[in-house]
Amino acid sequence: MTILVRTRFAPSPTGFPHVGSIRTALFAWLFARHHGGKFLVRIEDTDVTRKVKGAVAAILDGLSWLGLDWDEGPYFQSQRLELYHKAAEYLVSRGNAYYCYCSPQRLEEMRKEQVKRKVPPGYDRHCRNLSKTASPNLSGQKETAGITPVLRFKMPLTDQTRFQDIIRGNVVFKNSLMDDFVLLKSDGYPTYHLANVVDDHKMEITHVIRAEEWLPSAPRHILLYTALGYTPPQFAHLPLILGSDRSKLSKRHGAVSITEYRDQGYLPEAMLNFLGLLGWSLDDKTELFTQEELIKNFSLERVSKTAAIFNTEKLNWMNGVYIRQLSLDDFTQRAFPFLDKDLPPMMKRPLSVDYVRQITPLIQERAKLLGEVTQLSRYFFVEELDYDVNLLINKGMTCESTIQALEVTKERLRELETFDAETLEVLLRSLAEKLKLKAGQLFGALRTAVTGETATPPLFQTMAILGGERCLRRIEEALDKLKKLSV
RNA sequence: GCCCCCAUCGUCUAGAGGCCUAGGACAGCACCCUUUCAAGGUGUAGACAGGGAUUCGAAUUCCCUUGGGGGUACCA
C-alpha cells in the first residue's frame, strides 16, 4: 500500500510573502506534485497582535503567480480554536500539561536573572506542581483575582528526543534542556506549537517541509505528537536563504517579497526556476527547468544542507534568458502593462499596440527585467529628448565636423523616398565614406541626435521605427544645440 | 552563555573512498563578432576552512579546532 503524500504550506499572515517562505512552499508543492499527492495551504493566524491586513491575499497571489496551486484550503487556524482547546484539555487530563499563573513581569525578571547567572534561559517550572501541592481551589482564587493562566507543556525531565530528518539525518536533543513551553496563551489562542501539531495531524500531513529555523522546535513537536497519541509525520528541514551578508534574508537586503519581484518585472517562470535551484539541484549542469521538469525531477534527497545566499545577479541572468525565450507576442503582451504604467501620464492612452509591437523586437534581447522596458524604449514614445550636447561629438570629431556631417545627412535623408532600415543602411554607409568618417563616428552622432542615447538597438531599425519626419526634426534640434555650443 | 544545524571557486552548486591534475552556472577578466548597447562565441582566473585519525588510497568516513548560521517569547 502506498501512502498518499500530503504536504502543506503554513505561513503566518504577519507580513508579505517572503521569497524564503515561497521557496519553502515551492519545495512542499514540488514534493506533493512529484508524488501525486496533495498540497494544502493553512494560514497560521494565531497571533492576533501581529496580523497584517492584506497579507493573506498577497501570500495567495504570490502562490498563484508562480502557478503553485493548492488542493485544500486555505484553512485558518483562527477558525479552528475548538480543536486546539480539546487537545489542550486532553493533555491536562493526562497530566501532560498544566496551568501557569506566572505574570509576564515575573517571567521577564526570571529571564534577566538567568542571563545574569549565565544559566540556560527558560521557564523555571514554578507552577508545574501547583495543582498537586497547593490547595485544590487555588486556581479558582487566582482566576477570580483576574489572572488568566497560560497552559504549559509538562516536558519530560529526563531522556532525549531523537528523530530522523529527511535532509539532516539523525538529530538528538536532551529533554532536560527544553523548558515547559506554552501551549495556550492567556487570550485563548494556541501557540504555534500546539496548533501546528494538532492541524498537521488532523490534516493528515505526511511530510512536514519547513525551514531550518524550526529545527529546534521539532523535538517539542514530536513530544507533543506523542503526548497527544498521534504518530509524528516525517520532517524535512530546508536550508535557510541568506542575504548577501550571510544573515537570514530580510528587508535590509532589498526586495524580499515575491510580489515585489513580480512588480519589478521578473517572470514567474524564471522566479520558479531560480527558487527551485536554491538549495536543490538535479546534477552538475542543468540550470534551466520548466515547471514540469521540476516536478518530474524533484526529490528531498537532493536538497542541500547548506544555507544559500540569494544571488540576484544570477536571477537577473535567468530572467533575461526567459525573456529572450518568449515569443514576440508574449513578450509584447507582458511588457505592455509596464510601458503603460511607467511612461509619462500625459502621454495619450491607450498606447498603440501596433506601434509597441514594432519596438519590442528591438528591446526583447536587451531587457533583463520587464521593468526596464520603458527606460530602454523611452525615446520611441517621448517627443522631447534631453541629453548633453557633447554626446553628439564622437571620438576624433569636433563640433564643426559633427555639424557638417549632420547637415549633409539631413539633406540626404530628406530626399529619401522609403525610410526603411535597408535603405538607410545603404545610404548612410556610403555617406560616411564620402564624408571621410568612420561608420561609427557618423552613426554615433546620428544615434545621439535621434535617440538622445549612446546605447540603443541597431540604428537603422531604430530610425525606421521613429520615421523620417521625427528623425529629421531631431537632427535639426541636434544641430541647434551644436550651433549654440560653437558660438 | 546554552542548544541545534552547517562547512567545495566571490555566489549557486556537482562530487556519496580511487572516474578529481575537483565539473557546471552566475558574476569578473581577455579576445572574437559588431554602428553603440545587448545577445552570442572562445578563452582565462578562481575552491575542497585547519589539524589529527582510518585506509594501499579521502573533497568524500570519524574526532577535535575554527568559522558561519539558526534557536533560546503568552512570535511564527
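Quick note on labels: first sequence line is chain A, next is B, and so on, each numbered from 1.
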Need the pair for [N]. Rule: Watson-Crick or G-U wobble, both distances under 3.5 Å, any strand; none if unpaired.
| N | result |
| --- | --- |
| A53(B) | U61(B) |
| U72(B) | G1(B) |
| A47(B) | none |
| C26(B) | G10(B) |
| C31(B) | G41(B) |
| U21(B) | none |

Short side-chain N/O contact to [N] OP1/OP2 from [X], under 4.0 Å:
| X | N | value |
| --- | --- | --- |
| R246(A) | U11(B) | yes |
| T456(A) | C37(B) | no |
| K51(A) | A76(B) | no |
| T454(A) | C37(B) | no |
| R210(A) | G71(B) | no |
| R366(A) | U36(B) | no |
| K174(A) | C4(B) | no |

What is the separation between atom [atom1] on [X] and atom [atom2] on [N], rounded to the nearest whole Å?
| X | N | atom1 | atom2 | answer |
| --- | --- | --- | --- | --- |
| E113(A) | U72(B) | CD | P | 22 Å |
| I309(A) | C26(B) | CD1 | P | 18 Å |
| E212(A) | A7(B) | CD | P | 10 Å |
| D180(A) | C74(B) | CG | P | 12 Å |
| K314(A) | C9(B) | NZ | P | 15 Å |
| E213(A) | A73(B) | CD | P | 15 Å |
| R220(A) | G70(B) | CZ | P | 17 Å |
| K438(A) | U34(B) | NZ | P | 16 Å |

Inter-nucleotide [atom1] distance ([N], [M]), Å rounded:
| N | M | atom1 | value |
| --- | --- | --- | --- |
| G51(B) | C4(B) | P | 27 Å |
| U13(B) | A49(B) | P | 15 Å |
| C75(B) | A47(B) | P | 49 Å |
| U11(B) | G1(B) | P | 25 Å |
| A22(B) | A58(B) | P | 16 Å |
| C19(B) | C3(B) | C1' | 41 Å |
| C12(B) | U34(B) | C1' | 32 Å |
| A30(B) | A45(B) | P | 15 Å |

Would you mind telling me which of [options] lies closest to the side-chain atoms of [X]?
| X | options | answer |
| --- | --- | --- |
| E44(A) | A76(B), U13(B), A39(B) | A76(B) |
| D284(A) | G23(B), C74(B), C5(B) | G23(B) |
| E313(A) | A27(B), G69(B), A73(B) | A27(B) |
| K185(A) | C75(B), C12(B), A14(B) | C75(B) |
| L240(A) | C6(B), U35(B), G70(B) | G70(B) |
| F173(A) | A25(B), C3(B), A76(B) | C3(B) |

Touch check for [X], heavy atoms < 4.0 angstrom, all strands: base, sugar-phosphate only, or nothing?
| X | answer |
| --- | --- |
| S186(A) | base |
| V150(A) | base |
| K368(A) | sugar-phosphate |
| E287(A) | base |
| R429(A) | base |
| G122(A) | nothing |
| P457(A) | base |
| N311(A) | base |
| V172(A) | sugar-phosphate |
| T286(A) | nothing |
| P458(A) | base |
| L459(A) | base |
| R447(A) | base |
| F181(A) | nothing |

For this session: Establish, for the pair R378(A) and F381(A), whether the NZ or CZ atom is under 6.0 angstrom from the six-membered ring centre and no further than 45 degrees off its axis.
Result: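 No, R378(A) and F381(A) do not form such a contact.
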For this session: Would you verify whether the NZ or CZ of K481(A) falls within 45 degrees of the ring axis of Y387(A) while also being under 6.0 Å from that six-membered ring's centre?
Result: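 Yes, K481(A) sits over the ring of Y387(A).
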For this session: Could you tell me whether the side chains of R366(A) and Q364(A) share a donor-acceptor contact shorter than 3.5 Å?
Result: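 No, no side-chain donor-acceptor contact under 3.5 Å.
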Problem set entry | Polar contact flag, side-chain donor to acceptor under 3.5 angstrom, S247(A)-R252(A) | yes
Problem set entry | Candidate pair R168(A) and H237(A), rule side chain to side chain donor-acceptor pair (under 3.5 Å), full reasoning | CA-CA 7 Å; R168(A) 276 148 227 289; H237(A) 288 93; 5.7 Å; no
Exercise. If you measure from OH on Y98(A) to SG on C127(A), what distance do you get to the nearest 0.5 Å?
Worked result: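 Going from OH on Y98(A) over to SG on C127(A), the span is 7.0 Å.
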Exercise. Is there a donor-acceptor pair under 3.5 Å between the side chain of R23(A) and the backbone N or O of L278(A)?
Worked result: yes
Seminar exercise, completed: When K285(A) and F443(A) are each assigned the nearest nucleotide of RNA chain B, the 5'-most assignment goes to K285(A)
Seminar exercise, completed: By nearest-heavy-atom nucleotide on RNA chain B, the more 5' of A455(A) and R50(A) is A455(A)
Problem set entry | Candidate pair D199(A) and Q77(A), rule side chain to side chain donor-acceptor pair (under 3.5 Å), full reasoning | CA-CA 8 Å; D199(A) 279 342; Q77(A) 291 187 324; 2.9 Å; yes
For this session: Indicate yes or no: does R220(A) engage D179(A) in a salt bridge with an N to O separation below 4.0 Å.
Result: yes
Exercise. In this structure, which one of V150(A), V197(A), L91(A) forms a side-chain contact (heavy atoms from CB on, under 4.5 Å) with L183(A)?
Worked result: L91(A)
